[in-house]
Amino acid sequence: MLHIANNIFYNNQGYVSNIANADYMMSARGFDMEDHSKDNQPDFIREKIIGKKERKKNVIRFLGRPAAVGAVFGLTAALVFVLCIMAFRPYLQERAADEETETLSEETQTRAEDIMPANKEELEKFVSQIVEENAARESAAFYENIGDAVKTLEKSMVTVVAVKKDVDWFEVSYDSRYSQSGIVIKKGSDQFYILTGYSSLRGASVIQMEFSDGTRTEVQLEGYDTTYDIAVISAEGKNLSAYMKKELTPVTIGNPSSLSRGTPVFAVGNPDGSEGSVGIGFVSLINHRLPLIDCVAEGIQSSVHINGAGCSFLMGLDGAMLGIYTGDNQSLGNGYSQAYAINRVMTYVDRIYRGEQTAGLGITGQDIDEAVRTENDIPQGIYVTDVKKDGASYEAGVQAGDVLGEVDGQTIASMEEYEAALMKLTPDREVKMIVYRSSQGAYKKMELKITPTVRQG
């Protein structure tokens with residue numbers, strides 16, 4: 001029995017009987033091995049026998065608990081790590097950017113130290129070189145922008161040809177051709193409208209339009225304005241080639257009030273007297289009041305050189321039309337010129353679209369300053385600076401120096417009111433006009449009858 005007891009071992013699950021070893025030892029010593037029922041077995045033999053499968057389960061349970069706990073702690077740590085990264089990411093990015101900037105600054109400083117001149121003479125030469133290089137780049141970009149804009153405008157520019165009947169020394173009739181530039185300003189359902197000068201078209205028997213590809217078609221005169229010396233002609237789509245109908249593009253109408261002094265501009269049309277030429281300059285004065293017959297125009301003064309008759313158009317670098325050059329007010333001398341602001345011109349172009357006529361009295365005037373008027377006891381009205389010879393006012397007896405105070409029952413206090421009053425008149429209908437004339441230090445009221453002529457038709 002002592003030997004059997006010695007074959008019993010202890011582990012962490014309790015006492016375990018080595019039954020196989022016990023059976024062998026008891027048989028060897030002559031013990032009766034037949035009655036081995038549970039009732040007759042000693043207590044230590046009746047201990048629970050643990051098989052291999054249950055032993056594996058115990059091992060798995062023993063090892064699984066700490067593994068599960070480790071997994072939970074691992075997931076928790078991973079989650080905390082992700083949250084920390086999300087929370088500190090802006091700081092880390094900012095820090096990385098600062099470090100990169102510091103590195104770039106050090107590199108830039110090193111390069112700057114390598115190229116900076118060592119003395120004053122070299123420094124001046126270095127700065128001058130940089131200025132010249134920058135100016136060259138800016139100049140190249142400037143002319144490149146103008147080149148791109150001019151190329152785009154090719155689809156809006158046309159040549160307007162006026163055919164007039166003339167007679168030579170031998171009284172033989174022949175056709176004279178006068179050409180100038182025009183620009184497409186509107187496209188209807190099947191009609192194109194072109195803005196151009198009026199003087200060259202006056203008295204024409206035939207007006208033609210020629211596109212950049214050489215295609216030519218006959219056009220109609222829609223209307224004109226003698227004050228701005230503009231005309232609007234139209235071309236029907238059925239008379240245009242497929243190429244012209246596809247390529248003709250109305251120009252964008254710009255906003256002259258957005259200009260400032262020093263803004264670069266350019267002119268297309270006939271700026272140097274040759275059709276298709278281009279002039280370049282800078283704005284020197286805007287919203288300049290130009291006294292014209294029966295109105296006051298807004299002028300755009302620039303260093304664009306205008307030389308020659310015909311019609312030219314002032315453009316911005318974005319390709320939008322800002323003004324038009326017509327008549328005798330183009331060149332100012334000394335390389336400067338002035339264009340009529342397109343927004344004021346379009347007021348009369350719109351009237352041409354609607355088929356409306358504008359009356360003219362042939363007066364050039366200006367506003368009277370209120371302080372001057374009060375001090376000199378001048379009647380309310382506009383001061384007449386000039387009267388067009390053979391015009392309606394000239395025939396009615398109006399003189400320079402008169403004060404025009406009323407037209408057809410409408411009180412006139414400014415040139416804007418005078419211009420608005422003319423738009424309400426009907427040409428060839430006699431109206432009453434009140435003027436004041438200075439005589440012996442006092443103004444005398446005069447009532448005149450006048451028949452307006454057609455300024456715009």
Side-chain angles (χ1 to χ4, degrees), residues 127-159 180-185 194-197 212 228-230 249-290 297-346 349:
V127 172
S128 177
Q129 180 181 355
I130 292 178
V131 171
E132 290 178 359
E133 291 176 353
N134 289 338
R137 284 194 295 268
E138 292 176 359
S139 178
F142 172 67
Y143 286 106
E144 183 178 356
N145 290 338
I146 292 179
D148 293 340
V150 171
K151 186 175 182 180
T152 302
L153 285 171
E154 291 179 356
K155 296 184 177 181
S156 302
M157 299 295 298
V158 299
T159 299
Q180 63 181 347
S181 296
I183 193 166
V184 181
I185 55 174
I194 296 92
L195 178 64
T196 188
S212 58
Y228 284 105
D229 193 24
I230 60 170
T249 305
V251 70
T252 300
I253 304 300
N255 181 18
S257 62
S258 64
L259 291 174
S260 59
R261 287 177 292 180
T263 302
V265 290
F266 66 97
V268 293
N270 299 67
D272 69 354
S274 302
E275 186 182 344
S277 56
V278 178
I280 303 172
F282 297 87
V283 173
S284 58
L285 188 63
I286 56 175
N287 296 329
H288 179 50
R289 291 174 66 85
L290 303 176
E298 289 185 0
I300 303 174
Q301 184 174 303
S302 70
S303 58
V304 176
H305 182 59
I306 300 295
N307 179 25
C311 183
S312 300
F313 308 95
L314 184 66
M315 315 297 297
L317 294 186
D318 59 353
M321 181 165 60
L322 302 171
I324 182 172
Y325 296 94
T326 60
D328 300 327
N329 292 313
Q330 298 181 357
S331 179
L332 298 176
N334 299 323
Y336 284 86
S337 62
Q338 59 187 5
Y340 300 135
I342 194 61
N343 55 335
R344 295 295 294 270
V345 174
M346 288 303 294
V349 171

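FYI, side chains are in, hydrogens and waters are out, and symmetry mates aren't considered; it's all heavy atoms of this structure.
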Which heavy-atom pair separates [X] from [Y] by the least distance, and what is that distance?
X	Y	value
Y325	I306	CE2-CG1, 3.7 Å
M157	S181	CE-CB, 4.1 Å
F266	G316	CE2-O, 3.2 Å
S274	S277	O-OG, 2.7 Å
C311	T326	SG-CG2, 4.0 Å
Q180	T196	NE2-OG1, 3.1 Å

Taking side-chain contact (heavy atoms from CB on, under 4.5 Å) as the test, write out the residues that go with [X], two or more places apart.
X	value
H288	L285, L290, Q338
S258	N255
T152	none
I253	V251, M321, I342, M346

Worksheet item: With sequence neighbours left out, which residue pairs that include part of residues 256-284 fulfil the salt bridge (charged side-chain N to carboxylate O under 4.0 Å, His left out) condition?
Response: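 Listed by first then second residue: nothing to list.
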
Between [atom1] of [X] and [atom2] of [Y], what distance do you get to the nearest 0.5 Å?
X	Y	atom1	atom2	value
S156	I185	OG	CD1	11.0 Å
N343	I300	CG	CD1	7.5 Å
L317	I280	CG	CD1	9.5 Å
I324	L195	CD1	CG	4.0 Å
D148	L153	CG	CG	11.0 Å

Worksheet item: Does anything in residues 299-314 pair up under side chain to side chain donor-acceptor pair (under 3.5 Å), and if so which pairs, sequence neighbours excluded?
Response: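 Checked against side chain to side chain donor-acceptor pair (under 3.5 Å) - neighbours excluded - the pairs reaching residues 299-314 are S284-Q301.
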
Worksheet item: Is any side-chain heavy atom of Y340 closer than 4.5 Å to a side-chain heavy atom of L314?
Response: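 No, every pair of side-chain atoms sits at 4.5 Å or beyond.
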
